Enquirer: 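Pasting in a structure now, in structure tokens, and then I'll have a few things to ask.
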Amino acid sequence: MHISDLAPVAVVIVNHNAGSLLTQCVLSALEQAQHVIAVDNASSDSSLTELELRLPTESRLQVVRLENNIGFAAGCNAGLSASTQPYILFLNPDCILQENSLQRMVQVLESDPRIGMVGGYLVNPDGSEQGGGRRAIPTPWRAFVRAFGLYRLAKYWPKVFFDFHLDQQPLPQEPVEVEAISGALMLVRRQAIDNVGSWDEQYFLHCEDLDWCMRFQQKNWKIVFVPDAPVIHYQGTCSRARPFFVAWHKHKGMLRFYRKFFRQEYPKVLMGLITLAVWLRFSATVIYYVLRNGYRKLVPGHD
């Protein structure tokens, strides 16, 4: 296939110990995009070695090696700086593009100049829809509703007890505008990035995608979910080995997100309760991992 037949897209893949999935991800991207940039966040496994052994002379693949793990957002910005195409696909290394999925997302992006960001249909390996591929912004109220199970009341009062996890709703038959998509699969217009700004590097891991979606909305760029652009996501591949590290940065990111966008909208007392709830959630997560790891040591062979 000639390069002019490929989508005018630079695929940015930020890798940190994704193992053999990194090579599969890159191969799927090279089949559809003009340029692939693998940004390695100081991996300690063989993922980068395997990739270079498999594709030693691929001119459309660029590898950016970082000496330290600078985080997902900063890694994305490093890949963005190395790209020249008009569209950039930010793709997790544990995602496998399916046939023509990138072309379909580009087609939707080009259908309206006000569309700044497009996301595809994220699915689990078993074919079921994955949460996060299409969602609403988890405002403090929506997060409260979700945490305490009040979303079950949405059938009576849908506007008050709205569930921001849109994957619980029927799959739309055509592209639809949403408030947010997942950073695991984000096709973005360069013109929109020039207008909105790059990823916020104050996030190390998690919530940086929600931050970007909020900023795109503030600048009146549309965000669209494309249901007929499937991508398989082996979720958690890069984070499974360090659950405490990931949990810490996830909850830290949540607090930054809430303070950055909702501090002026909610009373100080409520923001204080939100902060407390986030750290209680983090504490519960740590206790869960400690108990789980202890059980595994006591009862070998159980996951």
Side-chain angles (χ1 to χ4, degrees), residues 14 16 41 69-77 90 92 94 117 119 122 130-151 154 161-168 178-186 196-218 223 233 235-290 292:
V14 178
H16 182 69
N41 248 336
N69 185 355
I70 61 175
F72 179 73
C76 285
N77 284 340
F90 296 95
N92 272 18
D94 50 5
M117 183 187 295
L122 279 177
Q130 198 169 89
R134 52 177 174 136
R135 51 185 166 166
I137 293 293
T139 64
W141 170 251
R142 289 171 177 171
F144 176 83
V145 166
R146 181 71 189 180
F148 290 93
L150 299 178
Y151 60 90
F161 299 107
F162 174 71
D163 187 357
F164 57 84
H165 288 284
L166 301 183
D167 59 285
Q168 301 301 315
V178 294
E179 292 182 6
I181 55 177
S182 171
L185 175 67
M186 240 176 207
V196 173
S198 57
W199 296 78
D200 182 348
E201 297 185 11
Q202 294 301 307
Y203 296 93
F204 188 86
L205 189 67
H206 288 291
C207 293
E208 62 283 289
D209 51 356
L210 290 171
D211 179 291
W212 223 18
C213 289
M214 283 286 290
R215 288 158 56 203
F216 268 65
Q217 288 186 66
Q218 288 174 344
I223 301 169
H233 185 201
Q235 194 171 28
T237 299
C238 301
S239 59
R240 198 171 294 129
R242 304 179 70 187
F244 296 105
F245 177 85
V246 171
W248 165 258
H249 284 290
K250 180 176 183 178
H251 290 81
K252 187 178 177 183
M254 288 167 62
L255 281 182
R256 174 170 178 76
F257 176 72
Y258 287 138
R259 288 170 178 167
K260 182 175 179 178
F261 294 103
F262 301 105
R263 178 180 286 175
Q264 304 302 322
E265 295 183 26
Y266 288 78
K268 289 184 178 179
V269 173
L270 183 55
M271 290 303 295
L273 289 173
I274 290 168
T275 300
L276 177 62
V278 168
W279 289 123
L280 285 174
R281 187 179 186 276
F282 171 71
S283 300
T285 301
V286 170
I287 292 170
Y288 166 76
Y289 284 132
V290 168
R292 188 187 67 173

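A quick note: this is a predicted structure, and the numbers were derived from the prediction, not measured. Residue numbers run from 1 in the order of the sequence given.
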Enquirer: Would you compute the distance between atom CZ of Arg215 and atom CE of Met117 and round it to the nearest 0.5 angstrom?
Expert: 9.0 Å
Enquirer: Any chance you could measure Phe90, atom CZ, to Glu208, atom CD, to the nearest 0.5 Å?
Expert: 11.5 Å
Enquirer: Could you list the residues that satisfy ring pair (Phe, Tyr, Trp, His ring centres under 6.0 Å) with Phe72, not counting sequence neighbours?
Expert: Trp199
Enquirer: Does Asn69 have any side chain to side chain contact (heavy atoms under 4.5 Å, CB included) partners at least two apart in sequence or in another chain, and if so, which?
Expert: His16, Asn41, Phe204
Enquirer: Holding to side chain to side chain contact (heavy atoms under 4.5 Å, CB included), I want the full list of residues that pass it with Gln130, two or more places apart in sequence or in another chain.
Expert: Leu122, Asn124, His233, Gln235
Enquirer: What residues, two or more places apart in sequence or in another chain, satisfy side chain to side chain donor-acceptor pair (under 3.5 Å) together with Glu201?
Expert: Asn77
Enquirer: What are the two closest non-hydrogen atoms of Ile223 and Ile181, and how far apart are they?
Expert: CG2-CG2, 4.0 Å
Enquirer: Can you tell me how far the CG atom of Leu210 sits from the CZ atom of Arg256, to the nearest 0.5 Å?
Expert: 13.5 Å
Enquirer: Between Asn92 and Asp94 (side chain of the first, backbone of the second, donor and acceptor by atom type, cut-off under 3.5 Å), is there such a pair?
Expert: no
Enquirer: Go through the steps to decide whether Asp211 and Phe261 satisfy the test side chain to side chain contact (heavy atoms under 4.5 Å, CB included), and finish with yes or no.
Expert: CA-CA 8 Å; Asp211 179 291; Phe261 294 103; 3.3 Å; yes
Enquirer: Do Met186 and Cys213 come close enough that some side-chain heavy atom pair is under 4.5 Å?
Expert: yes
Enquirer: How long is the span from the CG atom in Asp200 to the NZ atom in Lys260, to the nearest 0.5 Å?
Expert: 3.5 Å
Enquirer: Check side chain to side chain donor-acceptor pair (under 3.5 Å) between Asp209 and all other residues, then give those that pass, not counting sequence neighbours.
Expert: Arg135
Enquirer: Tell me every residue that passes ring pair (Phe, Tyr, Trp, His ring centres under 6.0 Å) with Phe262, counting only those two or more places apart in sequence or in another chain.
Expert: Phe257
